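These notes are about the structure you will find just below.
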Amino acid sequence: GDSVTQMEGPVTLSEEAFLTINCTYTATGYPSLFWYVQYPGEGLQLLLKATKADDKGSNKGFEATYRKETTSFHLEKGSVQVSDSAVYFCALRSNFGNEKLTFGTGTRLTIIP
Amino acid sequence: NAGVTQTPKFRILKIGQSMTLQCAQDMNHNYMYWYRQDPGMGLKLIYYSVGAGITDKGEVPNGYNVSRSTTEDFPLRLELAAPSQTSVYFCASSTQQGNYGYTFGSGTRLTVV
């Protein structure tokens, strides 16, 4: 079945550092890929998505590229801020009749000033 | 536009009590979902629905019931609350398209004492 493997956290970085959170997936067919962010005490919000190979999703300075050859969708940001402290979830949704998102376990990111 | 609205935001229940968590969406989404998130953990699917009158079990359905009489509403019923049901509950909705992610509510924080 479909699965998502995320880099284990927690991750702690200094402000303005470069961020990478790794995400790899296993899926039948050609899934769409997503990153969600959960700020403290809130629900999940869609951060970015990519729906086909080589697509790049971007939002709020974050980027992720859909790499079919390595089955990866790593999240990156060039210069993190304290306000980026949150839990990040990678997810996929199959285009072959599976109506559910498959989530990774989440990576907690803390940015220190 | 309200998106996905969950009520209440917080609730404390005594062991053995029952309650209904409300979820409503105004986006005309066919698909709706209930998840629970335990402290420091990822999301676990409780129940989901692909349309009015159709519901199905997720990973952790025991102790819960759902109904879907309208497209807009998807209430989650807890019967005979137990401490193990202490969690944050998230409702989400979606279209059936694979390239569409979920829209989440802000959550209900439930404590069973």
Side-chain angles (χ1 to χ4, degrees), chain A residues 1-10 23 25 27-53 55 57 59 64 66 73 86-110, chain B residues 2-10 21 23-25 27 29-51 54-61 68 74 87-109:
Chain A
D2 296 347
S3 67
V4 175
T5 302
Q6 262 185 258
M7 171 179 175
E8 289 197 14
C23 172
Y25 67 90
T28 53
Y30 307 97
S32 293
L33 302 174
F34 306 84
W35 276 102
Y36 281 83
V37 58
Q38 184 179 30
Y39 298 105
E42 298 184 11
L44 279 72
Q45 304 173 23
L46 179 64
L47 180 60
L48 54 84
K49 72 175 184 181
T51 59
K52 61 183 187 296
D55 267 2
N59 187 23
Y66 189 140
F73 193 53
V87 180
Y88 293 82
F89 291 91
C90 186
L92 71 83
R93 190 174 189 188
S94 171
N95 289 320
F96 281 113
N98 183 338
E99 60 276 359
K100 297 187 290 296
L101 274 174
T102 299
F103 286 94
T105 53
T107 302
R108 181 175 299 278
L109 173 67
T110 302
Chain B
V4 178
T5 303
Q6 289 185 240
T7 55
K9 293 192 181 303
F10 303 94
L21 282 65
C23 175
Q25 54 92 8
M27 296 170 286
H29 286 168
N30 284 333
Y31 291 6
M32 295 187 75
Y33 313 83
W34 274 106
Y35 287 88
R36 60 177 286 173
Q37 185 179 36
D38 297 332
M41 304 294 285
L43 299 166
K44 294 183 179 178
L45 182 65
I46 305 171
Y47 271 96
Y48 67 102
S49 169
V50 300
I54 306 169
T55 62
D56 207 347
K57 296 177 181 179
E59 305 169 68
V60 290
R68 183 95 182 271
F74 190 41
S87 190
V88 181
Y89 292 83
F90 291 102
C91 180
S93 73
S94 176
T95 70
Q96 61 265 43
Q97 294 167 302
N99 60 359
Y100 192 97
Y102 292 1
T103 301
F104 281 84
S106 58
T108 296
R109 185 174 298 273

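Chain A is the first sequence line, chain B the second, and so forth, proteins listed ahead of strands; every chain is numbered from 1. Keep in mind that what you see is a predicted model, and the values were worked out from it rather than measured.
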Legend entry - Residue part contacting chain B, namely of A/T105, when any heavy atom lies under 4.5 Å: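 Contact with chain B involves the backbone of A/T105 alone.
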Legend entry - Under 4.5 Å from a heavy atom of chain A, the part of B/Y89 involved: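 The answer is neither part of B/Y89.
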Legend entry - Interchain contact, B/Q6 with chain A, by part (heavy-atom threshold 4.5 Å):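 For B/Q6, there is no contact with chain A at all, as no heavy atom is under 4.5 Å.
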Inset, instruction - Apply side chain to side chain contact (heavy atoms under 4.5 Å, CB included) to the pair A/R93 and B/Y100, showing each step before the final yes or no. - result: CA-CA 8 Å; A/R93 190 174 189 188; B/Y100 192 97; 4.3 Å; yes
Inset, instruction - Keeping the roles fixed (side chain from B/Y102, backbone from A/L101), state whether a donor-acceptor pair exists under 3.5 Å. - result: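 At least one qualifying donor-acceptor pair exists.
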Inset, instruction - Please determine, among B/G107, B/G101, B/G105, B/A92, the option with the most heavy-atom pairs under 4.5 Å with chain A. - result: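 Counting heavy-atom pairs under 4.5 Å, the top option is B/G101.
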Legend entry - Winner by heavy-atom pair count (cut-off under 4.5 Å) against chain A, out of B/T103, B/L43, B/V4: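 Among the listed options, the one with the most contacts to chain A is B/L43.
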Legend entry - B/F104 CZ to A/E42 CD distance, which is reported to the nearest 0.5 Å: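 Interatomic distance, B/F104 CZ to A/E42 CD, rounded to 0.5 Å: 13.5 Å.
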Legend entry - Value rounded to 0.5 Å, distance of CD in B/Q37 from CZ in A/F103: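 Interatomic distance, B/Q37 CD to A/F103 CZ, rounded to 0.5 Å: 10.0 Å.
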Legend entry - Crowding at CD, A/Q45 (>12 non-hydrogen neighbours, <6.0 Å):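 Check passes, neighbour count above 12.
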